[in-house]
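These notes concern the structure reproduced below.
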Amino acid sequence: MTTRPPDSLPTVTTPPASGHLTEQAGLKAGLKNRHLSMIAIGGVIGAGLFVGSASGIAAVGPGILLSYALVGALVVFVMRMLGEMAAANPTSGSFSAYADRALGRWAGFSIGWLYWFFWVVVLAVEATAGAVILEGWVPSVPQWAWALIVMVVLTATNLVSVGSFGEFEFWFAGIKVVAISGFILLGGLAIFGVLPGSDNAATGFAHLTEHGGFLPNGPGAILTGILLVVFSFMGSEIVTLAAGESPDARRAVAKATRSVIWRVGVFYVGSILVVVSLLPWNDPAIAEKGSYVAALDSIGIPHAGEIMNFIVLTAVLSCLNSGLYTASRMAFSLGERGDAPQAFVRTNARGVPQAAILASVAFGFVAVAFNYLWPDTVFQFLLNSSGAVALFVWLVICFSQLRMRGIILRENPEKLVVRMWLFPYLTWVTIAMISFVFLYMLTDDEGGGRSQVLLSVLVAALVITVSLVRERMSPKSTEDAVAPQ
């Protein structure tokens with residue numbers, strides 16, 4: 001493998017000014033604008049929002065709204081920075097390719113492989129979660145068989161074409177968006193006593209300050225809430241990878257970046273506001289049934305549990321579908337830059353990186369097997385060692401943007417169609433916020449935050465070491481370099 005100067009991105013993933021992919025890339029611009037729009041909207045709605053919010057409410061009380069708002073602001077800032085770079089240079093490698101150029105070969109290699117590792121582990125988590133729901137509906141089929149079925153089906157979907165992935169994700173994301181929107185609408189009507197038959201008629205927002213106040217467990221609980229909710233936001237960056245396979249990538253990225261504020265505000269903060277307004281934060285039903293099911297039950301929606309199970313299954317399948325896509329495209333980008341086997345760069349006649357998809361799903365199957373064979377040892381290690389990767393990704397995006405702004409202005413200032421606010425001050429504030437979360441996780445022994453950070457740092461150090469050794473041992477060459485566009 002050859003070494004390329006760090007300030008040049010490979011032509012194969014750099015679209016021309018129109019935002020179209022070049023023919024050398026092999027990938028096809030098969031994602032339509034409606035696909036990208038729904039991926040952008042639904043990308044922030046993960047299964048963690050539906051199943052993980054109950055623990056946050058129990059730990060913080062109504063003040064969990066502040067935890068969601070703070071993490072939401074962090075995501076908005078990071079997405080704004082990523083959007084600035086992606087709108088100027090859409091590529092299937094997204095932040096990994098930008099880190100390669102802005103920070104050095106080691107950074108692009110390391111964050112790319114760590115991100116790939118993260119999504120491979122997520123495949124196992126989501127496949128198992130989906131299998132649990134499906135086994136409950138059809139108990140005659142064992143759980144491991146359901147996990148195998150959903151993995152095979154979504155692998156086939158990704159292998160057919162990028163348009164097939166986009167179509168599945170369009171409907172998966174659409175169901176999530178409709179579900180959350182409907183929940184907020186019905187909950188809002190119930191809060192103000194407009195919904196007929198609701199047990200919570202005209203409760204208003206009294207539950208926000210009753211039962212111990214807005215912060216019944218003290219202001220420090222907000223930080224605990226941040227640790228509980230921060231990783232449910234992972235996935236919002238997927239649209240910047242997918243934009244590389246759309247006919248108008250630059251416009252799609254700019255649109256998605258500008259809309260992230262209302263997406264986070266409505267879907268996360270808005271829906272949690274409905275929950276803690278309809279029910280007391282310490283209502284046992286929230287812990288027993290889950291926050292959304294408990295809220296739906298309280299306003300008299302029949303079969304709330306079954307409805308929510310269907311929505312959670314949709315969110316799980318959406319995460320599986322987009323996770324496999326994301327892992328394969330990151331592997332493709334790493335292959336382009338000489339940081340992964342060249343087989344990952346080859347595409348079939350439909351523009352699909354078949355080897356990258358199969359390699360990603362193969363490791364996903366291995367992780368699923370670990371989940372069933374050694375759930376408390378090997379698989380728990382995989383979970384913990386990938387747990388802080390989201391924060392690594394966000395930090396790399398911040399530091400890359402600090403340098404890429406100058407590169408873009410020097411080379412093609414007209415491409416700076418999205419700008420980070422209050423640059424560079426807000427970028428440094430965001431770095432400080434992420435660093436604080438890291439430090440606070442180190443104090444979290446009971447919740448597992450400490451072990452996640454330490455194991456994730458260990459894995460990251462190993463990957464960085466491999467990168468630096470490779471770079472030192474590779475012959476210096478510029479044959480892969482291209483002049484910046």
With a 3.5 Å distance limit and no angle check, can you tell me whether S456 reaches the backbone of N384 through a side-chain donor-acceptor pair? yes

Do L324 and F165 come within less than 4.5 Å of each other through their side chains, counting heavy atoms only? no

Just so I know, are the side chains of L74 and T430 near enough to count as touching, which here means a heavy-atom distance under 4.5 Å? yes

Can you list the steps and then say if F399 with Y98 is a ring-ring contact (aromatic ring centres under 6.0 Å, His included)? CA-CA 10 Å; F399 282 111; Y98 308 139; over 10 Å; no

Side-chain heavy atoms of F95 within contact of V393, under 4.5 Å: yes

Taking only residues two or more places apart in sequence, or in another chain, which ones meet R405 in a side-chain hydrogen bond (donor to acceptor under 3.5 Å, both in side chains)? E84

Look only at the side chain of S53 and the backbone of L49, and say whether a donor-acceptor pair between them is shorter than 3.5 Å. yes

Roughly how far, to the nearest 0.5 Å, is CD1 of I175 from CE of M38? 10.5 Å

Quick check for you: to the nearest 0.5 Å, what is the distance between I397 atom CD1 and T427 atom OG1? 11.5 Å

Within a 6.0 Å radius of atom CH2 on W421, are there more than 12 heavy atoms belonging to other residues, nucleotides or ligands? yes

Does the S232 side chain pair with the main chain of V229, one donor and one acceptor, at a distance under 3.5 Å? yes

Aromatic plane relationship, Y68 with F233 - under 30° parallel, 30 to 60° tilted, over 60° perpendicular: tilted

Side chains of Y440 and I226 in contact at under 4.5 Å (non-hydrogen atoms): no

Pairwise distance CG(L31) to CG(L36) - rounded to 0.5 angstrom: 5.5 Å

Side chains of V276 and F205: does their closest heavy-atom pair fall under 4.5 Å? no

Distance check, rounded to the nearest 0.5 Å: E126 atom CD versus L313 atom CG? 10.5 Å

Could you verify whether a donor N or O on one side chain and an acceptor N or O on the other, from S271 and Y292, lie under 3.5 Å apart? yes

Tell me, yes or no, whether the heavy-atom count around F310 atom CZ, taken from other residues, nucleotides or ligands under 6.0 Å, exceeds 12. no

Mind listing the closest non-hydrogen atom pair of L296 and A304 along with its distance? CB-CB, 3.6 Å

Got S322 and I39 here, is their nearest side-chain heavy-atom distance under 4.5 Å? no

Tell me, with the steps shown, if V239 and V253 meet side-chain contact (heavy atoms from CB on, under 4.5 Å). CA-CA 7 Å; V239 68; V253 168; over 6 Å; no

Compare every heavy atom of S360 with every heavy atom of W116, then report the nearest pair and how far apart it is. NE1-OG, 2.9 Å

Expected output: side-chain T157 to main-chain S164 donor-acceptor under 3.5 Å: no

Angle between ring planes, F118 versus Y115, binned at 30° and 60°: parallel, tilted or perpendicular? parallel

Atom of L65, atom of V269 and distance for their closest heavy-atom approach: CD2-O, 3.6 Å

To the nearest 0.5 Å, tell me how far Q401 CD sits from I407 CD1. 11.5 Å

For S94 and E237, does a side-chain donor sit closer than 3.5 Å to a side-chain acceptor? no

Going by atom types only, do R329 and S333 share a side-chain donor-acceptor pair under 3.5 Å? no

Might you work through the side-chain contact (heavy atoms from CB on, under 4.5 Å) test for F117 and F363, ending with a clear yes or no? CA-CA 9 Å; F117 173 58; F363 280 92; over 6 Å; no

Checking W428 side chain against Y425 main chain: does a donor-acceptor pair fall under 3.5 Å? no

Listed by chain and number, what are the side chain to side chain contact (heavy atoms under 4.5 Å, CB included) partners of L66, not counting sequence neighbours? F214, I222

Strictly distance-based, threshold 3.5 Å: is any side-chain N or O of S181 a donor or acceptor partner for the main-chain N or O of V178? no

State whether the side chain of T347 and the backbone N or O of V352 hold a donor-acceptor pair below 3.5 Å, judged by distance alone. no

Might you point out which heavy atoms bring A59 and A221 nearest each other, and give the distance in Å? O-CB, 3.7 Å

Counting C-beta onward and ignoring hydrogens, is there a side-chain heavy-atom pair between S277 and H207 closer than 4.5 Å? no

Any chance you could measure D297, atom CG, to L278, atom CG, to the nearest 0.5 Å? 11.5 Å

Do R34 and E167 come close enough that some side-chain heavy atom pair is under 4.5 Å? yes

Checking N89 side chain against M85 main chain: does a donor-acceptor pair fall under 3.5 Å? no

Tightest non-hydrogen contact, residues A242 and Y325, listed as CA-OH, 3.2 Å

Considering all heavy atoms of both residues, which atom of G112 and which atom of M330 are nearest to each other, and what is their separation? O-CG, 3.4 Å

Can L114 and F392 be said to form a side-chain contact (heavy atoms from CB on, under 4.5 Å), step by step? CA-CA 9 Å; L114 286 172; F392 292 158; 4.3 Å; yes

Can any side-chain N or O of R403 pair as donor or acceptor with the backbone N or O of A102 at less than 3.5 Å? yes

Main-chain N/O of P90 paired with R250 side-chain donor or acceptor, under 3.5 Å: no

Evaluate the side-chain contact (heavy atoms from CB on, under 4.5 Å) criterion for residues N309 and E306: first the C-alpha distance (whole Å), next the side-chain angles of each, then the deciding distance (0.1 Å), finally the verdict. CA-CA 5 Å; N309 271 340; E306 290 82 356; 5.6 Å; no

